[in-house]
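Written out below as structure tokens is the structure these notes cover.
In listed order, ligands and their atoms are each counted from 1.
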Amino acid sequence: MAEFDVIIIGGGPGGYVCAIRCAQLGLKVACVEGRDTLGGTCLNIGCIPSKALLNATHHLHEVHENFEKMGLMGAVPRVDWAKMQAYKDDVIAGNTKGIEFLFKKNKVTWLKGWASIPAPGQVKVGDDTHSAKNIVIATGSEPSTLPSVTVDEVTIVTSTGALALPKLPKSMVVIGAGVIGLEMGSVYARLGAQVTVVEYLDTITPGMDAEVAKTFQKILAKQGLKFVLGAAVQGAEAGKKGAKVTYKLRKDDSAHEVEADVVLVATGRKPYTAGLGLDALGVEMLPRGQIKTDGHFATNIKGLYAIGDAIIGPMLAHKAEDEGMAMAEILAGKHGHVNYGVIPGVVYTTPEVASVGATEEQLKDQGHAYKVGKFSFMGNGRAKAVFQAEGFVKILADKTTDRILGAHIIGPMAGDLIHEVCVAMEFGASAQDLALTCHAHPTYSEAVREAALACGDGAIHA
Ligand code: NAI
């Protein structure tokens, strides 16, 4: 008799959600986590702490940019970096303890330590070996830095070090204009640092709808971020004071360098599977280090499954969570399913940027006949009242059937607004379905409705 029905390795959003759902479905479940707290990268050194810093610095930015316009005069708050860090740490603690509470409530056993899999059906944690009918790997990912760059997490940092810098930098070079680079770059720009983002491609945020990416770059540039695009970073070196980044412009191969107090390397993440013993088990891997799984998260070893950042797909906490729930349902004999066509992506800058489904570029590449409904937040009274009217909503719909194929939003609360389109897409809705839905006034969501109207007979306030 196996000790557990399921042992999940990793207590991040993929693993802990899977564990809770397994328990809710009546399975005897354990989750192995080696960190002192549950929640994985997302809660400890990722999504959640970065949102705390983004929140604090957003308010500071508001004071600088908009308070006087609203008749709020007087002293600008002084930044107490240690206190801001303490606020961030409190937010982390509140969230991670919350997961611990949920484990207790749902009777999930937390096996504390780092796991390895000595044989199918066995998980070793410290000196103890546990048995399980099924094992789920949810070990997530780690920063993927450049070979020519040595990270010390003080002067040359990944996102982990960037969340806990010992002191505020006056200047920062960010390598990579992806989500991490722009979120953390925004934080330090708002705190007064001169931020230079060096990006290999000719646009920021690769994969994002090009029109949105262009507007996004313009807005961030207005906020003081400097962009060097089409630049391949060759190396970064820490010196006595700060660090130097060398890069070559791709258009003419010319060599350049830029110095700063701190360098953030944000060039992507890679699956984290070290120490599990997958090689010895003979687990099939993909060329980029992900564990190979079938449509039901099964590896080539019987009873061994994998979900989240450790397998193929977007490295997003909510994708991992969805896979965690689907995995639990499959293990409980139900029909777990993830709709990979409707996974939103959000960048939590100001303004926020959010997307779901196809970009215009993808539809063009596929030769799909589509129509575009666009609406600027300039026509949205609420956005204008809060000085956030710079962005727009863009809805892409099938030219013949009007079915929504994708949506891209840059503007206030974009990360929340996107979900009405997600729900619509889950239900196979047309743009007209959204357009015919009454939206409360005055809300930002009216801009979504107006974009949907623009797919048909036209928006009202454009
Ligand atoms: P990313 O893949 O989003 O962006 C990395 C960027 O670095 C790319 O634009 C790439 O072209 C550039 N780059 C790579 N090598 C370079 C070189 N030698 N010189 C110059 N530029 C170079 O990766 P990022 O931002 O590190 O994020 C990692 C993962 O974490 C992503 O999958 C992201 O989706 C996820 N994440 C999601 C967040 C969210 O949903 N809000 C927040 C933070 C991370």
Say whether, by atom type as modelled, one donor and one acceptor occur between the side chain of Arg382 and the main chain of Pro442 under 3.5 angstrom.
yes

Among Thr267, Asp202, Leu201, whose heavy atom sits nearest atom 16 (C) of ligand 1?
Thr267

If you measure from each non-hydrogen atom of Val198 to ligand 1, which part falls under 4.0 Å: side chain, backbone, both or neither?
backbone

To atom 43 (C) of ligand 1, the nearest of Ile180, Leu182, Thr203 on a heavy-atom basis is Ile180

Would you say the side-chain atoms of Thr299 and Glu284 include a donor-acceptor pair closer than 3.5 Å?
no

Asp202 and Lys251 ion-paired at < 4.0 Å
no

Taking the minimum heavy-atom distance to atom 29 (C) of ligand 1, which of Arg250, Arg269, Met208, Lys51 ranks first?
Arg269

Less than 3.5 Å apart, any donor N or O on the side chain of Asn44 or Thr37 sitting next to an acceptor on the other?
yes

With a 4.0 Å heavy-atom cut-off (strictly under), which part of Ala317 contacts ligand 1: side chain, backbone, both or neither?
neither

Does the side chain of Lys214 come under 3.5 Å of the side chain of Gln217 through a donor N or O and an acceptor N or O?
no

In the structure I gave you, are the side-chain heavy atoms of Ile311 and Glu323 within less than 4.5 Å of one another anywhere?
yes

Just distances here: any N/O of Val179 and N/O of ligand 1 closer than 3.5 Å?
yes

Going by atom types only, do Glu33 and Tyr16 share a side-chain donor-acceptor pair under 3.5 Å?
no

Give a yes/no verdict on whether any heavy atom in Ser144 is under 4.0 Å from an atom of ligand 1.
no

Could you pull out, from Ala266, Gly176, Gly313, the option with a heavy atom nearest to atom 5 (C) of ligand 1?
Ala266

Heavy atom of the protein closest to atom 20 (C) of ligand 1 (residue, atom name, distance)
Tyr200 N, 3.2 Å

Please determine, by modelled atom types, if Tyr87 and Asn55 share a side-chain donor-acceptor pair under 3.5 angstrom.
yes

Any atoms of ligand 1 less than 4.0 Å from a non-hydrogen atom of Pro206? List them with their elements.
8 (C), 9 (O)

Heavy atom under 4.0 Å from ligand 1: found in Tyr247's side chain, backbone, both, or neither?
neither

I'd like to know if the side chain of Arg190 reaches the main chain of Leu54, judged simply by a donor and an acceptor atom lying under 3.5 Å from each other, with no hydrogens or angles considered.
yes

List every atom of ligand 1 that sits less than 4.0 Å from any heavy atom of Met315, numbering the atoms from 1 in the order shown and giving each element.
32 (O), 34 (O), 35 (C)

Given side chains that start at C-beta, do those of Phe216 and Val347 come closer than 4.5 Å, heavy atoms only?
yes

Considering heavy atoms of the protein only, find what lies nearest to atom 19 (N) of ligand 1 and give residue, atom and distance to 0.1 Å.
Val233 N, 3.1 Å

Within a distance under 4.0 Å of any heavy atom of Glu183, pick out the atoms of ligand 1 and give their elements.
41 (N), 42 (C)

One finds that the ligand 1 atoms under 4.0 Å from a non-hydrogen atom of Tyr348 are 41 (N)

State, with a plain yes or no, whether a side-chain heavy atom of Tyr272 is found less than 4.5 Å away from one of Asp309.
no

Heavy atom of the protein closest to atom 41 (N) of ligand 1 (residue, atom name, distance):
Val346 O, 2.8 Å

Under 3.5 Å donor-acceptor, Gln234 side chain and His256 backbone
no

Glu199 to ligand 1: N or O pair under 3.5 Å?
yes

Return a yes/no value for Leu316: is any of its N or O atoms, backbone included, closer than 3.5 angstrom to an N or O of ligand 1?
no

What atoms of ligand 1 come within less than 4.0 Å of a heavy atom belonging to Ala231?
19 (N), 20 (C)

Please state which protein non-hydrogen atom is closest to atom 1 (P) of ligand 1 and give its distance, to 0.1 Å?
Gly178 CA, 4.1 Å

Side chains of Glu211 and His408: any donor to acceptor distance under 3.5 Å?
no

Identify the protein heavy atom lying closest to atom 2 (O) of ligand 1, giving its residue, its atom name and the separation to 0.1 Å.
Gly268 CA, 4.0 Å

